[in-house]
Amino acid sequence: IFPNNYGLLSCLGTVLALAGDTTERAEKLCEQALEECQSTKSRATICATLCFLYRRSGKVEKAENLARSL
């Protein structure tokens, strides 16, 4: 119903990650949310979630680069 709603995409990505779903699926949802989002505060929250997901999947350099961009 709301395929481009960054808030829903971000929440779904976070919930999937916390539920133990595949990190790749959660990463894609959060990355899509980040592309759609214009709010500075929401972008920071999505970036923090992505940092957690990247680190969890062994993409430490990607996580560090994203954290530095905050």
Side-chain angles (χ1 to χ4, degrees):
I1 295 173
F2 305 104
N4 295 321
N5 184 305
Y6 71 85
L8 292 175
L9 292 170
S10 174
C11 288
L12 181 57
T14 302
V15 168
L16 288 174
L18 294 173
D21 195 19
T22 60
T23 303
E24 184 178 323
R25 184 173 168 195
E27 284 175 13
K28 286 181 183 179
L29 287 168
C30 288
E31 288 167 350
Q32 183 180 349
L34 194 58
E35 288 176 16
E36 301 291 331
C37 182
Q38 300 299 317
S39 164
T40 303
K41 184 176 179 180
S42 294
R43 287 182 65 80
T45 302
I46 296 167
C47 284
T49 301
L50 274 170
C51 285
F52 164 75
L53 292 170
Y54 289 152
R55 186 152 164 72
R56 181 174 162 187
S57 65
K59 300 173 186 171
V60 177
E61 187 174 334
K62 200 169 183 177
E64 289 174 351
N65 290 336
L66 186 58
R68 284 188 189 103
S69 75
L70 294 173

State the CD1-SG distance between Ile46 and Cys51, to the nearest 0.5 angstrom.
12.0 Å

Between the CG atom in Leu18 and the OG1 atom in Thr49, the distance rounded to the nearest 0.5 Å is 8.5 Å

Sorted by chain and residue number, the side chain to side chain donor-acceptor pair (under 3.5 Å) partners of Tyr6 (sequence neighbours excluded) come out as none

Any chance you could measure Leu12, atom CG, to Gln32, atom CD, to the nearest 0.5 Å?
10.0 Å

Taken to the nearest 0.5 Å, the spacing of Leu16 CG from Lys28 NZ works out to 13.0 Å

Over all heavy atoms of both residues, which pair between Cys30 and Ser10 is shortest? Give the atoms and the distance, please.
SG-O, 4.1 Å

What's the verdict on side-chain hydrogen bond (donor to acceptor under 3.5 Å, both in side chains) for Ser57 and Glu27, showing C-alpha distance, side-chain angles and the deciding distance?
CA-CA 10 Å; Ser57 65; Glu27 284 175 13; 2.9 Å; yes

Would you give me the side-chain donor-acceptor pairs under 3.5 Å for residues 63-70, sequence neighbours excluded?
{"from": "Asn65", "atom 1": "OD1", "to": "Arg68", "atom 2": "NH1", "distance (Å)": "3.4"}
{"from": "Asn65", "atom 1": "ND2", "to": "Glu61", "atom 2": "O", "distance (Å)": "3.3"}
{"from": "Ser69", "atom 1": "OG", "to": "Leu66", "atom 2": "O", "distance (Å)": "2.6"}

CG (Leu34) and CD (Glu31) are apart, to the nearest 0.5 Å, by 8.0 Å

Spacing of CG belonging to Leu53 relative to OG1 belonging to Thr14, to within rounding of 0.5 Å
7.0 Å

Transitive ILVMFWY side-chain link Tyr54 to Leu29, under 4.5 Å:
no

Sorted by chain and residue number, the side chain to side chain donor-acceptor pair (under 3.5 Å) partners of Glu36 (sequence neighbours excluded) come out as none

